[in-house]
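Please read the structure below before turning to the comments.
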Amino acid sequence: MLRVGLTGSLGSGKSTVAAMLRELGAQVIESDALGRELMEPGHEVYSQIAARFGHEVLKSDGHLNRARLADLAFRHGRLQELNAIVHPPVIEAQRRWMNEVFARDPAAVAVLESALIFEVARDARARGEKEGALADWRRRIDRIIVVSAPDDLKIARYAARVAPDSPDPAGVEADARIRLSHQVSDAEKAAQADYVLDNSGDISSLRAQVQALWPRLKAESNKSGQNFSIQ
């Protein structure tokens, strides 16, 4: 088995890499999808967000107004509050998923796609946490893959994905820059990563890098059978 963390900043292309790895045979789980599920009505995360941020983050149908929540988090200095609610249960859900994967296939390559692997540990340390699910997050992963690209290219990709027809492209770019400012730089991530994929070129170049990396991950998974849990 091999526990792989796949990360990269906004617009880096990590979701594209995740899809390529899944095609090659990896088991993949997306942290964003887990977070969205846990933020739906009926989940404890939803209840905690509503209690902490108030009715202004709720739509008339009771669901979260994600745009308003993001505005409060990124533009009004409340990102740490939100992350402190969301991250622990997401990591716990990832732990359960990974253990289930390895129970089925001890030689699996299990990939956690997450934009915030480094940021979770950084923020936990900043709060004075030395142990626990957040502070020791990096130690729960055998290998880290970082997807890297120039910031201007990331911002352009983000804008094309989330607001391709926006009447305010400058506003979308500003939003992207604010989000990037809260993330660890590519240089810092690369210094701590096991593998770095350069996504400054076209899709065929990225695919070639992933295809070259996959046999190495498979080979490592066959050497790591002694660890069957990320407890």
Original post:
Hey, mind stepping through His63 and Tyr46 against side-chain contact (heavy atoms from CB on, under 4.5 Å) and telling me if it holds?
Top reply: CA-CA 9 Å; His63 287 79; Tyr46 167 91; 5.7 Å; no
Original post:
Is it true that atom NE2 of His55 has more than 12 heavy atoms of other residues, nucleotides or ligands lying nearer than 6.0 Å?
Top reply: no
Original post:
About how many Å separate NE2 of His87 and CD of Gln94, when rounded to the nearest 0.5 Å?
Top reply: 9.5 Å
Original post:
Is the closest side-chain heavy-atom distance between Leu64 and Lys59 below 4.5 Å?
Top reply: no
Subject >> Closest contact, heavy atoms only, Arg3 versus Ile141 >> reply: O-CG2, 3.4 Å
Subject >> Residues Asp194, Ile145; criterion side-chain contact (heavy atoms from CB on, under 4.5 Å); working and verdict >> reply: CA-CA 6 Å; Asp194 298 288; Ile145 302 171; over 6 Å; no
Subject >> ring-ring contact (aromatic ring centres under 6.0 Å, His included) pairs, two or more places apart, involving residues 155-209 >> reply: Phe74-His182
Subject >> Heavy-atom side-chain proximity of Leu197 to Ser148 below 4.5 angstrom >> reply: no
**OP:** Provide the closest heavy-atom pair for Val146 versus Phe118 in the form atom of the first, atom of the second, distance.
**Re:** CG2-CE1, 4.0 Å
Original post:
Is any side-chain heavy atom of Asn65 closer than 4.5 Å to a side-chain heavy atom of Leu58?
Top reply: no
Original post:
Has Arg216 got more than 12 heavy atoms of other residues, nucleotides or ligands less than 6.0 Å from its CZ?
Top reply: no
**OP:** Show your working on side-chain contact (heavy atoms from CB on, under 4.5 Å) between Lys218 and Val109 and close with a plain yes or no.
**Re:** CA-CA 7 Å; Lys218 281 298 296 177; Val109 175; 3.9 Å; yes
Original post:
Of all heavy-atom pairs between Val101 and Ala110, which one has the smallest distance, and what is that distance?
Top reply: CG1-CB, 4.3 Å
**OP:** Could you verify whether a donor N or O on one side chain and an acceptor N or O on the other, from Glu113 and Ser31, lie under 3.5 Å apart?
**Re:** no
Original post:
Can you list the steps and then say if Gln27 with Val111 is a side-chain contact (heavy atoms from CB on, under 4.5 Å)?
Top reply: CA-CA 6 Å; Gln27 299 294 314; Val111 178; over 6 Å; no
Original post:
Is it true that Glu100 and Arg96 make a salt bridge, defined as a side-chain N closer than 4.0 Å to a carboxylate O?
Top reply: no
Original post:
Stepwise, does the salt bridge (charged side-chain N to carboxylate O under 4.0 Å, His left out) test hold for Asp71 with Arg78?
Top reply: CA-CA 9 Å; Asp71 183 65; Arg78 302 188 68 180; over 6 Å; no
Original post:
Under the criterion side-chain contact (heavy atoms from CB on, under 4.5 Å), which of Leu79, Val184, Asn83 is the partner of Glu119?
Top reply: Val184
Original post:
Between atom CD1 of Ile85 and atom CG of Leu38, what is the distance when rounded to the nearest 0.5 Å?
Top reply: 12.5 Å
**OP:** Would you sort out whether Ser166 and Asp168 count as a side chain to side chain donor-acceptor pair (under 3.5 Å), showing the intermediate values?
**Re:** CA-CA 5 Å; Ser166 172; Asp168 181 24; 5.8 Å; no
Subject >> N-O pairing of Arg22 and Glu30 below 4.0 Å >> reply: yes
**OP:** Output the distance between atom CD (Gln211) and atom CD (Glu23), rounded to the nearest 0.5 Å.
**Re:** 9.0 Å
**OP:** Write down the atom of Asn199, the atom of Arg157, and the distance for their closest heavy-atom approach.
**Re:** O-NH2, 2.6 Å
Subject >> N-O pairing of Glu40 and Arg36 below 4.0 Å >> reply: no
Original post:
Which heavy-atom pair separates Ala149 from Lys154 by the least distance, and what is that distance?
Top reply: O-CE, 2.9 Å
Original post:
Hey, what do you get for CG (Leu6) to CD1 (Ile144), rounding to the nearest 0.5 Å?
Top reply: 9.0 Å
Original post:
Sub-3.5 Å donor-acceptor pair from the side chain of Thr7 to the main-chain atoms of Ser114, do we have one?
Top reply: yes
Original post:
How long is the gap from CG on Leu72 to CZ on Arg52, to the nearest 0.5 Å?
Top reply: 12.5 Å
Original post:
Are more than 12 heavy atoms from other residues, nucleotides or ligands located less than 6.0 Å from atom CZ of Arg66?
Top reply: yes
Original post:
Is a donor on one side and an acceptor on the other found under 3.5 Å between the side chain of Gln209 and the backbone of Asp198?
Top reply: yes
Subject >> Check: Leu82 and Leu69 side chains under 4.5 Å, non-hydrogen atoms >> reply: yes
Subject >> Heavy-atom closest pair, residues Leu10 and Gln183 >> reply: N-OE1, 3.1 Å
Original post:
Would you say Leu153 and Ile178 are hydrophobically clustered, going by side-chain heavy atoms of ILVMFWY under 4.5 Å?
Top reply: no
**OP:** Evaluate the criterion side chain to side chain donor-acceptor pair (under 3.5 Å) for residue pair Glu188 and Ser185; output intermediate values, then yes/no.
**Re:** CA-CA 5 Å; Glu188 292 178 78; Ser185 71; 3.2 Å; yes
Subject >> Met20 and Trp214, any side-chain heavy atoms less than 4.5 Å apart >> reply: no
Subject >> Ion pair check, Asp32 and Lys14, cut-off under 4.0 Å >> reply: no
